[in-house]
Structure formats: structure tokens, C-alpha cells
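Let me begin by presenting the structure, written as C-alpha cells, before commenting on it.
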Amino acid sequence: MTRLFHISDLHFGLEDRAALDWFRECVRREQPDAVLITGDLTMRARSHEFAAACDWIEALDVPVTVEVGNHDLPYFNPLARFFWPYRRIRRIERLVERKLNLAAVAVVPLKTTARAQWRLDWSKGWVTGDALAKTLAAIDALPSGTTTLVTAHHPLVEAGTKGRALTRGGARALEALASRGVAAVLTGHVHDAFDLVAPTAAGPIRMIGAGTLSQRIRSTPPSFNELRIKDGDVAVRVRNVDAVPTPDMQIADVPPDALPPREPGEPVAPIHAIPPVDPPVH
């Protein structure tokens, strides 16, 4: 059996120190085979936020792979955003979009962040043709029978909701991943956990989202996903600081614009603990 811890949206600058300490103790005590981080290490991609994130990640002492989230691209320096977007994350560059081969399980990254897009909201996801081709090539190179997990920051599609596309190229990417027999696509971004099956023309594919370990909670307490993979089967348990049962931690649907739910009627977990405003960034 392979056991993985899936975390997302650490948001250093607005991190939850107690939740981070709790997670690090879980890693120290239980020694999972790897930790998968699906983006948004920081709040504003500032140097001190990345320094704190890198310190924390390097102290985990287990194999780690990191996806870059929309909050990890420079906010206030357009030159850095376009020409050196990952300079401040150089300390853990070896971990960014890192493929992992763990016995009969492989973890393959898919980039969904973009420095710029032909739309006003650059925080949303975009799977370019090059990014998808790179991921598919890595999957195609795996030995037959490998259980494959794909990590990305943004959920690739809405799951049964009506609204704007949340990730450009996401539906095409999800269909291609389904055609390769990918066991699940692991993402973050919406700050609540979910475990859904999305239909595609190539067959159904599983979408698994992690919550947050920051103060930017939405419907549920800070949490992470524990994945247990055995004989191709992926079991998911949502673990959280308040010991809320897994079913109560999972939203029933991905918000149509892939933003954390704030308004009435948006998909939320049963906890219904949405704070009215975010705490101030420090």
C-alpha cells in the first residue's frame, strides 16, 4: 500500500501556524510515502513568504512534489511576473512539478497557472497545449499497470454546475487524462475538500480536491487529504484539526468559477462555517 498526504493552499503570509504544526507532526509521526502540495504556497508571492514556505517544506523530511498556484506568481512586479516568475522559489526548484515514482504509483504534474491570459482574471486556470503534452508524455512513459495520479492547482472542470469555465483547456485535458486511465486528478484552489467523479467522452475520471492549511478557511476547518492506494484503488480520508468526519468536510460540487464559496447558493460543505471576511495579511 502507498500512503500519500495531499495538501494545498498554505498561503504563507496568512498561514495557520497551528494547522501547519499539526500537519508537520502528522508527517513526522506517520512518515507517509510522499507529500503532494497543489499550489498557493504564499499570499502575495513576496520574498519573505516564500522564505517561510521553503523553510517549512524543507523540514518535512519526506519526498515532496510542489505545484505552483496563482498566488505564487508575483503580484506587484510585472517584470518579475513575466520574466522571472519563480525566482523567489528557487530554493525548492527541484521539487516544483516533480514527478514521483512510488512502487506501483506515479505522481505526474500538470501546470494550470499562467503568467497572463486573454481574460481579465489571471487567477484562473489554463492548461496550454504544451503543458498537456508534457504531462501526457510523462504518463505514456510509465510502465503498464502503474496507478497514476495527476497533480494540478486548479480544478479542471465544473462538475455538474452551470457557469463560466473555470480552467481554459481543462475539459480537453480531463478527457485526455481519462483516456490514459488516470486514477485521479488532485487539485486545490477552492479551500474545501471534494471527491467527485466527472464524466468525459473518454469515460469517467475522479477529481479530488484538498482544503487549506491557512487562515483563509471557507466552509470547513484547515485540513489535508490522506490517500491510501492499494491495487489501483484510491481511498481518501479528509483529516482536519477539529476532527470533523470526512463526509462533512467535502463540498458536493466545485464552484462554477473555481473560487472559494462566499455567496448563498454556492456549493459548500455541511459545516457552513464561512467567515464573513478574510483576516488581514501579515
[atom1] of [X] to [atom2] of [Y]: how many Å apart, nearest 0.5 Å?
| X | Y | atom1 | atom2 | result |
| --- | --- | --- | --- | --- |
| T112 | N70 | OG1 | CG | 8.0 Å |
| S223 | R239 | OG | CZ | 11.0 Å |
| D40 | T212 | CG | OG1 | 8.5 Å |

Are [X] and [Y] close enough for a salt bridge, meaning some N to O gap below 4.0 Å?
| X | Y | result |
| --- | --- | --- |
| R44 | E49 | no |
| R24 | D21 | yes |
| E25 | R28 | yes |
| K111 | E67 | no |

Where does the angle between the aromatic ring planes of H11 and H71 fall among parallel (under 30°), tilted (30 to 60°) and perpendicular (over 60°)?
perpendicular
Going by distance alone, is a donor N or O of one side chain under 3.5 Å from an acceptor N or O of the other, for D72 and T42?
yes
Any side-chain donor near an acceptor of the partner, T38 and H6, under 3.5 Å:
yes
By the ring pair (Phe, Tyr, Trp, His ring centres under 6.0 Å) test, which pairs, at least two apart or in different chains, include something from residues 215-258?
F5-F224, W22-F224, F23-F224
When the side chains of residues 192-208 are checked against the rest of the protein, which donor-acceptor pairs come out under 3.5 Å, sequence neighbours left out?
residue	atom	partner	partner atom	Å
D192	OD1	S219	N	3.3
D192	OD1	T220	N	3.2
D192	OD1	T220	OG1	2.4
D192	OD2	S219	N	3.2
D192	OD2	S219	OG	2.9
D195	OD1	R206	NE	2.9
D195	OD2	R206	NH2	2.9
T200	OG1	A202	N	3.1
T200	OG1	G203	N	3.2
T200	OG1	G203	O	2.6
R206	NH1	V234	O	2.7
R206	NH2	V234	O	3.2

Using a 6.0 Å cut-off, check whether atom CG of D231 has over 12 heavy atoms from anything other than its own residue.
no
Within the distance-only criterion (no hydrogens, no angle test), does the side chain of D242 pair as donor or acceptor with the backbone N or O of V244 below 3.5 angstrom?
no
Side-chain atoms of residues 96-106: list all donor-acceptor pairs with protein atoms under 3.5 Å, sequence neighbours left out, distances to 0.1 Å.
residue	atom	partner	partner atom	Å
R98	NH1	V64	O	2.9

Taking every heavy atom of V190 against every heavy atom of P255, the minimum-distance pair comes out as CG1-CD, 4.1 Å
